[in-house]
Amino acid sequence: MKQKRLKPFKLVPKSKPENIAAKAFYDQIAIDTLARTLWGEARGEGSAGMQAVAQVILNRLAVSKTLGSYWWGNDIVQICQKPFQFSCWNKDDPNRAKLIQLSADDDIYFVSALRIARRAVAGVLGTDITKGATHYHAAGISPYWIKDNKPSAVLGRHIFYRLVNV
């Protein structure tokens with residue numbers, strides 16, 4: 001009788017503690033940067049407005065991952081701080097100094113922004129209320145890039161657009 005040959009058993013290496021620690025460290029930086037971006041861009045729009053801005057950042061991240069790279073950055077921190085993408089990080093923005101010095105003890109909106117950022121980084125933000133938006137602007141302004149583009153959503157005083165499809 002011919003004996004069945006068993007396939008070799010492969011041990012799957014456990015995550016190394018230093019990799020886990022590095023990911024946790026990066027996640028904290030991403031949460032902080034994202035929360036400051038949400039506060040700077042949408043604190044006056046409440047939780048729904050901040051969640052919508054977070055979703056735009058996550059949609060940009062998804063585009064970058066799908067394409068292997070994209071000009072606006074390849075992780076949350078790069079995407080948030082790409083020059084001239086989120087005006088709260090622009091050096092000439094009058095609220096930038098407040099944004100950098102902000103703490104959860106200072107502002108109730110920042111507490112909400114931190115909560116939303118934690119959920120976003122954990123991947124449990126919920127339904128994309130922007131319908132895949134990768135861009136937005138405040139109502140009352142007309143950036144050049146809206147020409148011939150239809151909004152995917154209007155939430156509060158922000159208008160959202162899906163300009164990159166993958």
Side-chain angles (χ1 to χ4, degrees), residues 26-104 106-166:
Y26 171 76
D27 284 352
Q28 287 305 311
I29 293 169
I31 289 165
D32 183 72
T33 303
L34 180 56
R36 290 175 193 284
T37 305
L38 302 179
W39 182 89
E41 294 287 313
R43 67 186 172 278
E45 297 295 310
S47 291
M50 288 191 284
Q51 182 174 328
V53 172
Q55 194 61 60
V56 166
I57 293 163
L58 293 178
N59 291 341
R60 287 182 174 203
L61 181 60
V63 167
S64 294
K65 285 183 177 182
T66 299
L67 298 177
S69 180
Y70 209 71
W71 66 267
W72 54 48
N74 300 311
D75 62 41
I76 288 173
V77 175
Q78 290 175 357
I79 291 167
C80 288
Q81 294 186 343
K82 180 73 175 179
F84 308 108
Q85 293 303 298
F86 296 95
S87 62
C88 63
W89 290 105
N90 292 347
K91 291 184 184 191
D92 62 348
D93 189 289
N95 287 310
R96 187 170 183 265
K98 290 179 194 174
L99 175 88
I100 292 168
Q101 298 299 318
L102 193 62
S103 81
D106 298 332
D107 190 285
I108 191 72
Y109 298 110
F110 190 57
V111 173
S112 291
L114 282 166
R115 180 180 45 80
I116 293 164
R118 284 187 195 101
R119 288 177 33 229
V121 170
V124 295
L125 191 56
T127 304
D128 181 359
I129 58 179
T130 71
K131 300 177 184 140
T134 54
H135 293 72
Y136 70 95
H137 65 84
I141 65 165
S142 296
Y144 72 91
W145 49 261
I146 66 169
K147 185 177 188 245
D148 300 327
N149 290 301
K150 293 186 187 212
S152 61
V154 176
L155 302 162
R157 294 180 305 242
H158 287 136
I159 304 169
F160 295 83
Y161 300 82
R162 183 178 186 159
L163 299 185
V164 181
N165 293 308
V166 288

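Relative orientation of the W145 and H135 rings is tilted, given thresholds of 30° and 60° on the angle between their planes.
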Item to complete: Just do the side chain to side chain contact (heavy atoms under 4.5 Å, CB included) check on Y70 and T134 with the steps written out, would you?
Response: CA-CA 12 Å; Y70 209 71; T134 54; over 6 Å; no
Practice prompt. For side chain to side chain contact (heavy atoms under 4.5 Å, CB included), just list the numbers for Y26 and I76, CA-CA rounded to whole Å, side-chain angles, deciding distance to a tenth of an Å, and then say yes or no.
Written response: CA-CA 10 Å; Y26 171 76; I76 288 173; 4.1 Å; yes
Worksheet entry | Chi angles and distances behind the side chain to side chain contact (heavy atoms under 4.5 Å, CB included) call for I79, Q85 | CA-CA 8 Å; I79 291 167; Q85 293 303 298; over 6 Å; no
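In terms of the side-chain hydrogen bond (donor to acceptor under 3.5 Å, both in side chains) criterion, H158 has no residue partners (sequence neighbours excluded). Applying the salt bridge (charged side-chain N to carboxylate O under 4.0 Å, His left out) criterion to R96, with sequence neighbours excluded, gives no partner residue. A search for ring-ring contact (aromatic ring centres under 6.0 Å, His included) contacts involving Y109 returns nothing, not counting sequence neighbours.
Atom NZ of K98 is separated from atom CZ of R43 by 7.0 Å, given to the nearest 0.5 angstrom. To the nearest 0.5 angstrom, Y136 atom OH is 12.5 Å from R157 atom CZ. Atom CG in L58 sits 7.0 Å away from atom CG in L34 (nearest 0.5 Å). Note: L99 CG to N90 CG = 11.0 Å, rounded to the nearest 0.5 Å. For the atom pair CE (M50) and CD1 (I116), the distance works out to 4.5 Å, reported to the nearest 0.5 Å. Going from atom CG of L163 over to atom CG of N59 covers 11.5 Å, rounded to the nearest 0.5 Å.
Crowding of I108 atom CD1: a count of heavy atoms from other residues, nucleotides or ligands under 6.0 Å not exceeding 12.
Figure legend: R36 and W39 shown without cation-pi pairing, the cationic atom not lying both under 6.0 angstrom from the six-membered ring centre and within 45 degrees of its axis.
Shortest non-hydrogen contact noted between I129 and A48 is CD1-O, 3.6 Å. When all heavy atoms of A133 and F160 are compared, the closest pair comes out as CB-CB, 3.7 Å.
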